[in-house]
Amino acid sequence: MQRSKSFLLPVFLLCCGILDAQYLTYNSDIKPIIDKNCKSCHRPDDIGPMPLTNYEEVSAYGKMIQYVTASRQMPPWYADPSYRHFSNERILTDDEIDKIGHWVTDGMNEGALPYGQVISSAVSVTVLPREADLVIPMREAFEQYGIYLDQYQVFVLRTNLTEDKWVEGIDFVPGNKKIVRHAAISISPAGQFDSLDQWDPRYGYYSFGGLGKIPDQPFWYTWSPQQEASFFTDGHLKFLPKGSDLILHIHYGPTGKPQLDSSMVRLYFSDQKPNNQLITAPLINPYSLTNGTFYIPSETKKIFHADYTLPYAIELRSLTPQANLLCRSFEVYAKRPGESQPVRLLKIKDWNFNWKQTYKLESPVILPAGTVIHALANYDNTPDNPCNPSDKPKEVYWGAHLFNEMFFVHFEFAPVLLLRSATSIVAPTTAGKATMPVRIEGDGKGYYSFQVRKINEEEPSFKTDILLSGEKQLVNVPIASLANDNYVLEVLNTNFEIVARHMFVKMWDKGL
């Protein structure tokens with residue numbers, strides 16, 4: 001008799017487990033998953049093609065939800081979580097995917113609301129800490145084409161600032177959430193992009209991959225769906241020079257019918273001097289390549305490798321990879337001096353141009369001077385690539401247009417400062433003109449040496465002495481003689497000590 005009871009116990013527990021699996025309900029099990037991972041895009045008048053805010057809406061698309069979550073097409077997140085996690089990642093756990101699958105297979109039971117819970121149709125509202133100091137709307141509404149294709153348009157927004165500002169918060173507000181899929185803001189001197197703006201008869205100008213010219217600060221800020229206003233912490237601020245234009249590059253998703261968008265940018269200024277500056281620079285670029293010129297013959301699959309040796313220590317915050325349609329995968333890692341194991345930064349197994357975004361690290365990563373950042377990108381210029389823009393593959397060169405390719409990684413970081421120095425320096429991270437404007441606040445008066453040298457080289461490419469007053473001033477450093485490449489600008493005081501440093505890339509001014 002005792003043996004019979006022992007036999008029945010596991011059978012009873014197994015049956016209970018099966019019954020539990022069969023009685024997964026929407027209100028108790030599925031709604032929390034949908035609310036957390038899907039609802040922010042799948043709401044009325046948002047970018048998701050259908051709302052998923054209640055049982056009727058979710059159950060109507062149950063089988064489709066089961067398929068796109070099991071295949072991990074949704075939520076759209078392309079970074080490999082086994083390589084590194086990010087603070088802004090959108091990933092369903094295996095358990096959440098299994099729950100959705102079992103719930104759909106077992107009939108999509110609605111179930112009762114958990115005790116004390118009430119149904120609410122209210123949309124969550126982000127409460128900002130204060131009113132924005134500067135609100136810059138698009139000058140007019142832009143009419144999207146209304147075709148079943150993605151569209152990319154650039155808008156020049158005037159700041160009309162009469163003095164330099166340090167920015168502690170940025171909020172991009174999409175005017176039409178149904179079509180705005182991604183936005184990137186770059187900083188440029190007033191009027192620099194006007195010729196491109198005038199070239200396109202419509203408001204703004206069309207640009208597929210890049211901007212068409214070199215801004216002073218590319219990817220100064222990026223936005224993607226689900227993202228709220230960004231406020232920077234620990235006294236880390238972004239610099240916005242007086243008289244700047246915001247170059248706003250928006251990716252519009254397909255709709256099938258014309259729609260209007262009137263997005264805006266809200267800026268929050270700090271009245272405090274920054275503890276450190278947040279910088280975005282394309283450290284991986286065409287001049288970082290190690291295995292030849294960027295060229296992809298037709299009917300060819302090719303892997304490109306690039307590396308960049310840090311001339312000084314940085315505190316890395318985020319990464320933004322950039323490529324076009326032929327790219328299939330990305331990997332970025334760093335090798336610290338004296339360490340055998342690399343620092344894994346980002347891996348994308350299946351690159352998707354239409355879901356580009358910034359990947360924000362869970363916590364800052366310190367990379368000391370001498371760290372070598374490596375990047376690998378795989379390109380497929382064959383008919384095997386379903387994203388290939390040519391039915392019959394053609395040879396492809398570097399460029400920002402539909403039938404070109406590129407290989408960039410923009411890094412957002414704060415320099416690890418020279419503690420003994422009271423000298424601060426602010427300058428463009430990309431430059432294409434004859435001179436580079438450098439804003440500097442020195443720790444004394446007298447002649448200071450400005451020297452520019454290539455990354456990985458000891459000897460400076462040139463050196464010039466400039467008289468500083470010990471206060472804030474603008475210095476135009478001559479760079480016309482420099483070849484396009486990766487450089488570091490170093491400022492030496494009268495004791496020949498390095499008191500400030502800045503990494504930048506000299507590029508072709510037409511843009512890449």
Side-chain angles (χ1 to χ4, degrees), residues 88 128 132-139 142 151-161 164-177 179-194 196-197 203-232 236-252 261-270 277-282 317-322 356-360 400 408-413 426 428-430 511:
N88 61 329
L128 299 173
D133 295 294
L134 180 61
V135 178
I136 312 175
M138 288 168 53
R139 189 176 68 248
F142 172 73
Q151 186 176 345
Y152 308 86
Q153 195 79 359
V154 181
F155 307 96
V156 179
L157 307 183
R158 306 285 193 211
T159 65
N160 296 316
L161 289 173
D164 298 337
K165 294 292 184 181
W166 286 102
V167 179
E168 66 178 4
I170 307 172
D171 186 19
F172 172 78
V173 184
N176 186 340
K177 293 183 178 180
I179 58 176
V180 179
R181 180 172 287 180
H182 180 265
I185 301 173
S186 300
I187 305 298
S188 177
Q192 183 173 324
F193 281 74
D194 285 0
L196 292 175
D197 197 13
Y203 177 43
Y205 66 92
Y206 173 80
S207 185
F208 175 75
L211 296 174
K213 285 190 175 184
I214 296 296
D216 281 3
Q217 300 180 56
F219 287 85
W220 186 71
Y221 183 75
T222 62
W223 175 92
S224 55
Q226 297 184 322
Q227 183 171 318
E228 298 178 347
S230 298
F231 287 87
F232 313 118
H236 288 62
L237 306 175
K238 287 181 177 285
F239 183 71
L240 182 59
K242 63 181 179 181
S244 295
D245 287 342
L246 305 186
I247 311 303
L248 174 61
H249 196 180
I250 296 183
H251 171 193
Y252 291 107
D261 172 55
S262 295
S263 296
M264 72 172 65
V265 179
R266 296 194 287 223
L267 301 176
Y268 299 80
F269 301 142
S270 174
Q277 180 190 4
L278 285 175
I279 298 170
T280 305
R317 299 295 185 95
S318 70
L319 302 86
T320 307
Q322 189 181 10
K356 293 188 299 184
Q357 71 172 80
T358 295
Y359 296 90
K360 301 179 180 180
F408 276 120
V409 184
H410 289 77
F411 296 81
E412 183 186 55
F413 60 89
V426 176
T429 56
T430 53

Write down the atom of [X], the atom of [Y], and the distance for their closest heavy-atom approach.
| X | Y | answer |
| --- | --- | --- |
| Leu157 | Pro137 | CD2-O, 4.0 Å |
| Pro218 | Thr430 | CD-OG1, 3.5 Å |
| Phe232 | His236 | CB-O, 3.0 Å |
| Ala400 | Phe208 | O-CD2, 3.6 Å |
| Arg181 | Pro225 | O-CD, 2.8 Å |

Legend entry - Step-by-step side chain to side chain contact (heavy atoms under 4.5 Å, CB included) determination, Tyr152 to Ser207: CA-CA 6 Å; Tyr152 308 86; Ser207 185; 5.7 Å; no
From [X] atom [atom1] to [Y] atom [atom2], the distance as rounded to the nearest 0.5 Å:
| X | Y | atom1 | atom2 | result |
| --- | --- | --- | --- | --- |
| Lys360 | Arg317 | NZ | CZ | 11.5 Å |
| Lys238 | Glu168 | NZ | CD | 13.5 Å |
| Phe193 | Tyr205 | CZ | OH | 5.0 Å |
| Leu134 | Leu246 | CG | CG | 8.0 Å |
| Leu267 | Asp171 | CG | CG | 9.5 Å |
| Ser186 | Ile214 | OG | CD1 | 9.5 Å |

Legend entry - Candidate pair Trp166 and Phe269, rule ring pair (Phe, Tyr, Trp, His ring centres under 6.0 Å), full reasoning: CA-CA 6 Å; Trp166 286 102; Phe269 301 142; over 10 Å; no
Inset, instruction - Could you give me the CA-CA distance, side-chain angles and deciding distance for Val154 and Leu211, then say whether side chain to side chain contact (heavy atoms under 4.5 Å, CB included) is met? - result: CA-CA 7 Å; Val154 181; Leu211 296 174; 4.1 Å; yes
Evaluate the side-chain proximity of [Y] to [X]: yes if any heavy-atom separation is below 4.5 Å, no if none is.
| X | Y | value |
| --- | --- | --- |
| Leu319 | Thr358 | no |
| Ile187 | Pro215 | no |
| Ile136 | Arg158 | no |
| Ser188 | Asp216 | no |
| Val409 | Gln322 | no |
| Val173 | Val265 | no |
| Ile170 | Tyr221 | yes |
| Thr222 | His182 | yes |

Legend entry - Sequence-distant partners of His410, ring pair (Phe, Tyr, Trp, His ring centres under 6.0 Å), two or more places apart: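 His410: ring pair (Phe, Tyr, Trp, His ring centres under 6.0 Å) contacts with Phe219, Phe408.
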Inset, instruction - Kindly state whether the ring of Tyr203 and the ring of Phe142 have centres lying under 6.0 angstrom apart. - result: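 No, the ring of Tyr203 stays outside the 6.0 Å limit from the ring of Phe142, centre to centre.
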Inset, instruction - With side chain to side chain contact (heavy atoms under 4.5 Å, CB included) as the test, would you mind laying out the steps for Gln153 and Ile250 before giving the verdict? - result: CA-CA 6 Å; Gln153 195 79 359; Ile250 296 183; 5.6 Å; no
Inset, instruction - Apply side chain to side chain contact (heavy atoms under 4.5 Å, CB included) to Pro174 and list each qualifying residue two or more places apart in sequence or on a separate chain. - result: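 Here the qualifying residues are Phe172, Lys177, Val180, Trp223, Ser263.
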Inset, instruction - Decide yes or no on side chain to side chain donor-acceptor pair (under 3.5 Å) for Glu412 and Ser318, but give the supporting numbers first. - result: CA-CA 5 Å; Glu412 183 186 55; Ser318 70; 3.2 Å; yes
Inset, instruction - Inspect the contact between Asp164 and Lys242 and indicate whether a charged nitrogen and a carboxylate oxygen are less than 4.0 angstrom apart. - result: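 Between Asp164 and Lys242 there is no salt bridge, as every charged N stays at least 4.0 Å from the carboxylate O atoms.
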Legend entry - Tyr268 vs Phe231, ring pair (Phe, Tyr, Trp, His ring centres under 6.0 Å): CA-CA, chis, key distance, verdict: CA-CA 8 Å; Tyr268 299 80; Phe231 287 87; 4.9 Å; yes
Inset, instruction - Would you check if the side chain of Ser244 reaches a backbone N or O of Pro189 as a donor-acceptor pair within less than 3.5 Å? - result: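 Here the side-chain-to-backbone pair does not exist.
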Legend entry - Short side-chain to backbone donor-acceptor contact, Trp220 and Phe239, under 3.5 Å: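 Yes; judged by distance alone, with no hydrogens or angles, the pair exists.
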Legend entry - Worked verdict on Asp261 versus Met138 for side chain to side chain contact (heavy atoms under 4.5 Å, CB included): CA-CA 9 Å; Asp261 172 55; Met138 288 168 53; 3.7 Å; yes
